[in-house]
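The structure appears right after this line, and notes come after that.
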Amino acid sequence: MVATLSQLFDNDYDEEGFRTCSVTGLEIHRTAENHVKLFGLTAVVAMVVGGIFAITVAMTRWELIGLIGEANYYRHLSMHAWNLLIFWLVFMEIAILYVGGPMVLGRRLPLTKVAKAGWVTMVAGALGINYFIWTASGAEVAPLLTAYVPLNIPTGFFASAIVFLVGATIAAVPFLATIWKEKRWGTDDTLPLVTFGAFITSIIAVQAILGGIAAFSYGLVWKVGIIETINSGAYRTLFWTIGHGSQQINLLAMITVWYFLTHVVGGAVVVSEKVSRSAFILYLFFINLGAAHHLMADPALGVGWKLFNTSYAFYGAAFASMIHAFAIPAGLEAGRRQRGLGGGLFGWLTSAPWRNPVFSATIFSIILFGFVGGITGVLMGQLQLNITWHNTFATVGHFHATVAVGTTLAFMGLVFFVIQTMFRRDFVSGTLASLVPYFYAGAMGIATLAMIYLGILYGVPRRTSSVVRNIPGADFSISAAAPLMSLFGVFAVLAILAGVLFLLVALGSLLFGARLERGDDAGLRPDGGLTPDGGKPVHAVDMRGTFAMCLIFMATFVVLYVLNWFLLVQLWSIGA
Ligand code: HEM
C-alpha cells in the first residue's frame, strides 16, 4: 500500500508529542521530527533536479557524445551546480541543525512558524534562481556558481539569491533559539558534541550568509543602476565569503554527521571531547580564511594577502581537519575494541556492519573526502601549486571529491537513516540499499580521479563544452586526453546510475516500504549497544589501527605533494 502524506508525517507520539527512538534512545518531539522530514525531502527533490543536469553536463564533456552546444552549456552547468551544491546540501544542513539541536537535546523545536517561514522563503529563492538561470536570454548570461560581475547576470537572479540566503537565516533561528533556551533554562551540562558541532556550523553559516547577502546586494544595486560602477575585485572577495563559506558549512555539517553516524550505527565513542571540541573551535577562527584560495590567480590582490590567508592562517583549519581525521576513526576503533569486536590491526574495521548502507556511506565519505578531496584541496590551496590546477578540470575533480563524493555520501547515509528511524519505513530492497554506497563511491570516485588527471596531466580546462580535439580558436590540441575522457564519461554514466538507484531506493522505501513497528531498530544499532558495557577505559584502548591509517595518509600526502612540485617544475620547459 502506498504511504499517504499524513502517514509519512506521523509516528507513535505520547500525549506531549514525544517518542523514544528505538535506535538512538533519544526523546524526539514531533515538531523537530516533522521539520527534519520537510527539509530533508526538499533536499532530495533538489538532488533530482541537479542530477538531471549531471546527465546533460557530463554527456557534453564526454565529447564522443557532445550533447549540448556551446550556447546552452552554461545554462545546464548553472542548473547542475546551484541545485546540487547549494539546494541539495543547504536544505539537508538545516535538517542537520534540527537533528543536532532539538533532537539530540530531547526538546521540541521552538518557533515552528519561523521554521516554516524559512522553508517557504528558501523554496521561493531556489525557484527564482532556477527560473532566472533557465530564462537568461539575449545579452544576459546564465550565472555559474561564481556569478561574477560585470557579467550581465539577470537582475532577478541577484534578488533570488538574497531571498534564498535570508530564508536559510530564518530557518536557522529555531535552532539558535533551542541552544539559547538550553543554556538559559536547561541543565548545567555542557552541550553534547554533536550539538556543539551543529552550533559551530551555524555560526560559520551566519558569517558566510552575511558575506553572501553583502556580495549579492552589491551586485543588485549596481544592476538596477543605484550605483554606476562596481569594483569587481571587491565583489569577488565578498563573493567568496559565501562561495567558499557554503563549502565550510558543508564541511562542518558533514563532520558532525560523521561523529553522529559512526556512533549510532558503528558503536564509536568520543576519544577526547576536549580535543574534538578544540578542533571545531579552530574552524571557527580559521576556516573562513580558506575562501582566499579561490583568489590565488586573481590579479587584483597582493601576494602578501594571498600568502597570509592561504598559508599561515589557513593551517589552523587544516590542523583542525587532521584532528577530526584522527579522532573519528580512533573513536570507532576504541568503541569497537571496548566491546571486544575484532582483534589485530584492523579487525575492528573488518568486523564492522559493512552491509548497513548508513555505515558504509559514512566510512566511504570519510575515506574519499580525506584522501582525495582533502589532499587535493591543500595542494591546490598553495600559492605556487595553484597555478597548475587553476581553472582546469582538476579543480572540478577536487570539488567533486569533497562535495559530490564526500558530503553527498554522508548525506545519502543520513537520508537512509532518517527513512528508517524517523519515517519508520524499511527499505524496499535491503540488497539494493546496501549496494548504493559501494556503487556510488566506486563510480564517482573513479570519475573524480579521471577529472583530476585530465586537468593536471593534460591541462583540460573546466567549464567548456568542447576542447579535447582542439581548443577553439587555437592551434593547441589536447586530443591525447581523449581516451581518459572516455573513461571519465563511462564512470560518470555509472555514477549517475548509482545516484538514480539511491533515489529509487529512498523514494521507493518512503512510498512502499513496510512500516517498522515500535521498538524495531531495523538492525541499525551497533553490536553491543550504543555504549560499551564494561571493557577498558577509553584511554587504555589500543588505537594502533588508526595510527597505521594516519601513517598511510601521511605517506600519500607526501608523495602527492612531491609529485605536484615535480609537475610544476616541468613548466619551466614550456616555451624554452
Ligand atoms: C553523478 C554525479 C555527477 C556527475 C557525473 C557530475 C559531473 C559534472 C561535470 C562533468 C561538470 C562540468 C565541469 C565543467 O565543464 O567544468 C560538473 C560541474 C559541477 N558539479 Fe557535478 N557531477 C555530479 C554530481 C555533483 C554533485 C553531487 C555536486 C554537488 C554536491 C556537484 C557539483 C558541481 C559543481 C558545483 C559544478 C561546477 C560548476 C562550475 O564550474 O561552476 N556535482 N559536474
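Predicted, not measured: the structure shown is a model, and the values here were computed from it.
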Thr362 side chain to Trp258 side chain, donor-acceptor N/O pair below 3.5 angstrom:
no
* To do: Classify the side-chain pair Ser321/Tyr283 by whether it contains a donor and acceptor separated by less than 3.5 Å.
  => yes
Next item on the list: For Tyr13 and Glu33, test the side chains for any donor-to-acceptor distance below 3.5 angstrom and give the result as yes or no.
Entry: yes
**Report entry** Ring-face cation of Arg61 near Phe393 (centre distance under 6.0 Å, axis angle within 45°)
**Finding:** yes
Discussion item. Just by distance, no angles: are the side chains of Gln247 and Asn250 close enough, under 3.5 Å, to form a donor-acceptor pair?
Written reply: yes
Are the ring centres of Tyr440 and Phe364 closer than 6.0 Å?
no
Arg518 meets the salt bridge (Lys or Arg N to Asp or Glu O under 4.0 Å) criterion, sequence neighbours left out, with Asp12
The ring-ring contact (aromatic ring centres under 6.0 Å, His included) partners of Phe417 (sequence neighbours excluded) come to Phe260
Verify whether the ring centers belonging to Trp185 and Trp180 lie closer than 6.0 Å. yes
Nearest heavy-atom contact between Phe9 and Leu38 is CE2-N, 4.0 Å
Check your understanding: Quick one: does NZ or CZ of Lys223 land under 6.0 Å from the six-membered ring centre of Phe158, within 45 degrees of the ring axis?
Key -> no
Taking every heavy atom of Leu8 against every heavy atom of Leu510, the minimum-distance pair comes out as CD2-O, 3.5 Å
Residues Asp521 and Arg525: closest non-hydrogen pair is OD2-CD, 3.3 Å
